[in-house]
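This report concerns only the one structure given below.
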Amino acid sequence: MRKRSHDDEEQAGERHGPEAGAGWFGLWDGIFAVSYLVTSALLFISDDSQVHHAIAIGVLTLIVPWYAGLGRSLMTTHTYGPKNLVFALGLVLLFCVTTTFGYIGFFAMFAVAPMLIMSLPMKPAVVLVAVANLFPVAMVWARSEEPEVSVWGLLPISLLSLALSILLGLWIKRVTRQSRERGRLIEELRRSRERVARLSHEAGISAERERLAREIHDTLAQGLTSIISLVQAAESNVRDAPDQASRQLSRAGQVARDSLAEARGFVAALTPPTLRGGSLVQAVRGQTDNLAAETGLDVRTSVEGAERPLPMPMNVVLLRSVQEAIANVRKHARRARTVEVTMTFEEDGVRLLIRDDGEGFTPDDAQKGYGLRGMRARVEEIDGTVTVTSHPGEGTVVEVDVPMGSMVKSG
């Protein structure tokens, strides 16, 4: 019985599914109880002897614990094994004994047939239902003085009962299968929703970590680098040029205050302080002025085309790009003398160009730094591109292009 019948195809793949049909069995329990009570009442008022009444009702009553203790769990779990066969054979035996001592016990077939069909694959279930239906006919044939007359009168009723029993069992089986499938779909939907919620939560955490990492790198890290440079310069000038050292310390304090304001802003996901109440060009000039004051480099800032207001997300990306490029000049552009920052406003987009005449680097080195990777990630969020051109001894050019279409979407 471990091998499932080919005709019971609907069971394939459902053995480990949720037990969705168990709740529906409350209705079936009621049908079984009514069938038992009606059959018992018919046996009690039949014309057979009192002894036959008692035996038939007693054997019929044994079906109740047999179903409750063994059969019900088999029908609700929808597994096929030796227990199913034991239950089905025991059920048929009890039914046959009941009808032997009281033919009217045949009425119990309305409960017995569905139980057989629900607990077994279809082919063996139909065989046992046929045996149970034809047993009363065989019993009447064996007892009747004119068996041909009695059997031909009873056989159509038995066959009709067999057909109705099979149809009822198939209907019940279909309902339980649909309930089970519905339960499985509900369970899969619940798991899918939990999985989507978990992935969304993890994605949100990852995105927030990436945002904070970029903000820290583009603001606090660069601000601390500037402060260190200014303090070191002030230490070297404190004796020989105290006025210059004082200015450098004052600028270091201003950078520290700006960095603090930046930190508060990005924690709250607010607009950078340098963009509040001012334009992008003014914010960029502020960054280049700081670079010139800190390093003594010749920093040139120019604007080409008609400046226009830009959406705040684009302003932030372009400003952070300038900050990252300037930070790279501070850290890596040794022997640089000039830095050029050009903003070009075109009809179809905005171009940002940062050029220095420092030592430059190889393209492989550009892939190792977090700063350029973070810059590319920011610009790609608004459908822009970043191009870095550099060779040892030939300086570095960073070009950021943002198309006009991204402005519309960002706005």
Evaluate the side-chain proximity of Ile63 to Leu91: yes if any heavy-atom separation is below 4.5 Å, no if none is.
-> yes
Under 6.0 Å from the CD atom of Glu347, do we count more than 12 heavy atoms belonging to anything else shown?
-> no
Reported CG-to-CG distance for the pair Leu189 and Leu185, which is rounded to 0.5 angstrom = 8.5 Å
One should read off an interatomic distance between Asn290 CG and Arg251 CZ, to the nearest 0.5 angstrom, of 5.0 Å
From CA spacing to verdict: side-chain contact (heavy atoms from CB on, under 4.5 Å), Phe87, Leu120 | CA-CA 10 Å; Phe87 167 73; Leu120 291 174; over 6 Å; no
Salt-bridge criterion met for Glu381 and Arg378 (N-O under 4.0 Å) | no
Salt bridge (Lys or Arg N to Asp or Glu O under 4.0 Å): pairs with one or both residues in residues 101-111, sequence neighbours excluded | none
Do Val397 and Leu353 have side chains that get closer than 4.5 Å, going by heavy atoms?
-> yes
Taking all atoms of both residues into account, what is the closest heavy-atom pair of Asp357 and Ala336, and its distance?
-> OD1-CA, 3.5 Å
For the residue pair Gly360 and Thr396, what are the closest heavy atoms and their distance?
-> CA-OG1, 3.7 Å
Quick one: does Asn237's side chain get under 4.5 Å of Pro242's, heavy atoms only?
-> no
Between Arg320 and Glu324, does at least one N-O distance fall below 4.0 Å, as a salt bridge requires?
-> no
Counting distance only, does the side-chain N/O of Asn315 pair as donor-acceptor with the main-chain N or O of Leu310 below 3.5 Å?
-> yes
On the 0 to 90° scale, with breaks at 30° and 60°, tag the Phe44-His53 ring pair as parallel, tilted or perpendicular.
-> tilted
Stepwise side-chain contact (heavy atoms from CB on, under 4.5 Å) check, Leu43 with His52 | CA-CA 9 Å; Leu43 285 170; His52 284 185; over 6 Å; no
Minimal non-hydrogen separation, Met343 against Val284, with atom names = SD-CG2, 3.9 Å
Specify the closest pair of heavy atoms between Thr39 and Ile104, including all atoms of both residues, with the distance to one decimal.
-> CG2-O, 4.4 Å
Separation between CD1 (Ile55) and CD1 (Ile57), nearest 0.5 Å, reads 11.0 Å
Mind checking ring pair (Phe, Tyr, Trp, His ring centres under 6.0 Å) for Phe95 and listing every partner two or more places apart, or none if nothing turns up?
-> none
For the pair Ser250 (side chain) and Ser246 (backbone), establish whether a donor and an acceptor sit closer than 3.5 Å, ignoring hydrogens and angles.
-> no
How long is the gap from CG on Leu128 to NZ on Lys123, to the nearest 0.5 Å?
-> 14.5 Å
Would you say Val92 and Leu116 make side-chain contact, with heavy atoms under 4.5 Å?
-> yes
Is there side-chain contact between Arg351 and Phe345, with heavy atoms separated by less than 4.5 Å?
-> no
Under 3.5 Å, which donor-acceptor pairs do the side chains of residues 296-306 form with other protein atoms, sequence neighbours left out?
residue : atom : partner : partner atom : Å
Asp298  : OD2  : Arg300  : NE           : 3.1
Asp298  : OD2  : Arg300  : NH2          : 2.9
Thr301  : OG1  : Thr288  : OG1          : 3.0
Ser302  : OG   : Thr342  : OG1          : 3.2
Glu304  : OE1  : Thr344  : OG1          : 3.4

Verdict with reasoning, Val322 to Leu352, per side-chain contact (heavy atoms from CB on, under 4.5 Å) | CA-CA 8 Å; Val322 171; Leu352 177 65; 3.4 Å; yes
Any side-chain heavy atom of Leu318 within less than 4.5 Å of one from Val350?
-> yes
Between Ala234 and Ala245, what is the shortest heavy-atom contact and its length?
-> O-CB, 3.5 Å
Going through the distances and angles, do Met375 and Val398 end up as a side-chain contact (heavy atoms from CB on, under 4.5 Å)?
-> CA-CA 10 Å; Met375 181 192 298; Val398 177; 3.9 Å; yes
Starting at OG of Ser35, measure out to CE of Met109 and round the result to the nearest 0.5 Å.
-> 10.0 Å
Is there a side-chain contact between Arg376 and Val388, using heavy atoms and a 4.5 Å cut-off?
-> yes
Mind listing the closest non-hydrogen atom pair of Asn84 and Ser119 along with its distance?
-> ND2-O, 2.7 Å
Verdict with reasoning, Arg190 to Glu187, per salt bridge (Lys or Arg N to Asp or Glu O under 4.0 Å) | CA-CA 5 Å; Arg190 183 187 65 81; Glu187 178 66 14; 2.5 Å; yes
Rounded to the nearest 0.5 angstrom, the CZ-CD distance for Arg355 and Glu340 is 6.0 Å
Are side-chain heavy atoms of Gln282 and Arg285 found at a separation under 4.5 Å?
-> no
